[in-house]
Structure formats: C-alpha cells, structure tokens
Protein chains: 2
Amino acid sequence: MVTDAPAHALREAGLRATRQRLTVLEALRAREDSITAQDLHMELRQAGEPIGLTTVYRTLSALADAGFLDTFEREGELAFRHCSVDHHHHLVCEACNKVEEITAEEVERWVQEIAQTRGFAVTGHRADIFGLCADCSA
Amino acid sequence: MVTDAPAHALREAGLRATRQRLTVLEALRAREDSITAQDLHMELRQAGEPIGLTTVYRTLSALADAGFLDTFEREGELAFRHCSVDHHHHLVCEACNKVEEITAEEVERWVQEIAQTRGFAVTGHRADIFGLCADCSA
DNA sequence: GTTGTTGCAAAGAATTTGCAACATA
DNA sequence: TATGTTGCAAATTCTTTGCAACAAC
C-alpha cells in the first residue's frame, strides 16, 4: 500500500483522516467554483455520502484554517474553494461562482508601499475581481 | 430656511428624508470606523434616539444601495461606513475598525489588464488591506 | 485504550417579512 | 391625501454548541 497523499496532508495539519474529511476535501478539489456548507452538504447527501451538516461546517472551517481552502462571503453566507498554498488573489465569476487564482506581485508591492506610508502594520490583504467569466459572458 | 443638504441628498436618491434616515446618515458621517446594524442601533438608542432595529437594517441597506455607504463583512455580520462617492479601496484597522479610503490607480490598471487577458467582463473589484493602524500598533 | 470526531437535536445570532399605524411630500 | 416608512413580533436562515456514540491512531 502506497502512502495515501490526501490523508497524509490532513495528518500533517493535525487532523485525523476521517472518511468525512477526505470526502469533503476530495469534493472541493474536484470543483473549480466555490460552494457553501449548506450546498455542499446537500450535494454530498444526494451523491449518497452519509455526512452531517454540522460535520460539513466543522470540516470546511478546519480545512480553511489549515490553509487547504479559501473563503468567500456570498451575501451573508460563507463559501469555500480549494486553493493552492501560496498567497494569491481571485477572479470570481458571479454567474457560475467559478474562481480563478491569480498571483499579483504588483498588488503585493502596492500593499507594502501604501502601508508603509501610513504607518500601518499589515496582517493581510485581499484583491479580488468580480465579473463574468469568458464562458458566462459569451 | 436654507436648503437642507443631507435631506436633499436623500431625496435625490429617491428616499424620503425621515428623521430616522437623517439620524443614521449623520451618525455614520460622524465616525471614521465601520459599524454593524446591531451596534449602531444600540448606540442610537443609548443616545436617546428612538429608532427600531428593523429600521436601522433597512436604512443601512438603502443608504449602501444609494452609494452613501461602503459595506464590509466582519465575521458573519455586515458593517457599514460612510464613504465618498468615487471608487476607492480601504485600509482597515482590525483593532479599532477605523477605515481609511485610498485611491489606487495601480490597482485599477492591474484589474483591467488581468481581466482582459482572461476574457473576463469586470463588474467590480475590491482591494482592501487589513492590519493595525498607526495608533493601534503603537 | 485514548483522544479526537461525528451527528443529532437544540440553541444562538443576524437578518428579513407581515402588517397596521404613521409621517413625508 | 396618497404613498413611502416605521416598528413590533414572528419567521427565516446560517451557524454553533452540548453530548453520547463512535472511529482513528
């Protein structure tokens, strides 16, 4: 038996590799849009995966804390999307919720510069672009 | 009687200039941090202003729609802050919730460039910096 | 075997809606 | 006066918590 990569990644983050967590992580990895806890729970249930809503909430939260997921606020609810580890920004389609990751050194530079000018101690920043992706605007 | 500027501004936006709306608008104009509907309601009540929580919610929402306020998401709840009309970004202090508006042509340029590259039809963007302001990090 | 995790039911919190009384234009 | 607005109470919706059964290590 070879090393189980997803399970290993979870353990490295101090999380036990339970069936539910692997399911959620896999589901998120398989999609390129963002999804809410409620919606994901419904999808998994409909796909025959036995998992509780509470667990979906806790799992998404834990995975986001561990850096596996990015979070978005969508009119009052939290949506999550799988992300690569390093810092990046987003191109968000408002029609299909697809999210493209983009890196932007220009923005990083801009952040440092502005912050320095105002004596601001930066803890984080976000620079996201919203609109319609090529498919949806076609 | 001279023209009442705040009342006039409301009417221009298609909103009746009620005591409650003027109160909310004034309260927001007087502060440089962002505040939630719940908190603002409590403050106004404590200041002796008779206003219902429902009205605070509806008023903040209407004022934001009309472009008088910017909205922020603060861990599950919406916060509002008075803003100037033209497009800008924010420097947000996580300790005192103070918000400084900043303009950034660099960011505007970056947005256009990225969007064009990917065939994205931009409807909006945000570029906010979070951290501790000079006062709070001192 | 320990300890972290799950999931149900219940609680909690923010926000919205129905509707009759009321204020603005 | 006609229509938009208010505010209470009730309803909704998202999210969290208590706790006993259970699974991972």
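Residue numbers begin at 1 in each chain, while the letters A, B, ... track the order of the sequences. Every value quoted in this text rests on a predicted model; they were computed, and no experiment measured them.
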Whole angstrom is fine here: how far is it from [atom1] in [X] over to [atom2] in [N]?
X       : N      : atom1 : atom2 : result
A:Arg21 : C:dG4  : CZ    : P     : 11 Å
B:Leu53 : D:dT5  : CG    : C1'   : 16 Å
A:Ile51 : C:dT6  : CD1   : C1'   : 9 Å
B:Glu73 : C:dA14 : CD    : C1'   : 12 Å
A:Gln20 : D:dA24 : CD    : C1'   : 11 Å
B:Leu15 : D:dT3  : CG    : C1'   : 14 Å
A:Leu78 : C:dA14 : CG    : P     : 15 Å
B:Asp65 : D:dG4  : CG    : P     : 17 Å

Residue-phosphate contact under 4.0 Å: A:Tyr57 side-chain N/O, D:dT15 OP1/OP2: yes
Say whether, by atom type as modelled, one donor and one acceptor occur between the side chain of [X] and the main chain of [Y] under 3.5 angstrom.
X        : Y        : answer
A:His82  : A:Ala30  : no
B:Arg118 : A:Glu100 : no
B:Asp70  : B:Arg81  : no
B:Arg21  : B:Arg16  : yes

Between B:Thr123 and A:Glu94, a side-chain donor and acceptor under 3.5 Å: yes
Please determine, by modelled atom types, if B:His89 and B:Glu108 share a side-chain donor-acceptor pair under 3.5 angstrom. yes
Yes or no on side-chain hydrogen bond (donor to acceptor under 3.5 Å, both in side chains) for A:Ser84 and A:Glu101, after CA distance, side-chain angles and deciding distance? CA-CA 8 Å; A:Ser84 49; A:Glu101 300 182 351; 2.6 Å; yes
Among A:Val99, A:Ile129, A:Asp128, find the residue that satisfies the side-chain contact (heavy atoms from CB on, under 4.5 Å) test when tested with A:Leu91. A:Ile129
Name the residue from A:Leu28, A:Leu25, A:Thr36, A:Leu78 that meets the side-chain contact (heavy atoms from CB on, under 4.5 Å) definition with A:Leu60. A:Leu28
Identify, between A:Pro50 and B:Ala7, the residue whose nearest nucleotide on DNA chain C lies closer to the 5' end. A:Pro50
Do nucleotides 18-24 of chain C as a string where each nucleotide becomes B, S or -: B if the base has a protein heavy atom under 4.0 Å, S if just the sugar-phosphate does, - if no protein is that close. -----BB
Can you pull out the residues from residues 24-48 of chain A that lie within a 4.0 Å heavy-atom distance of DNA chain D? A:Gln38
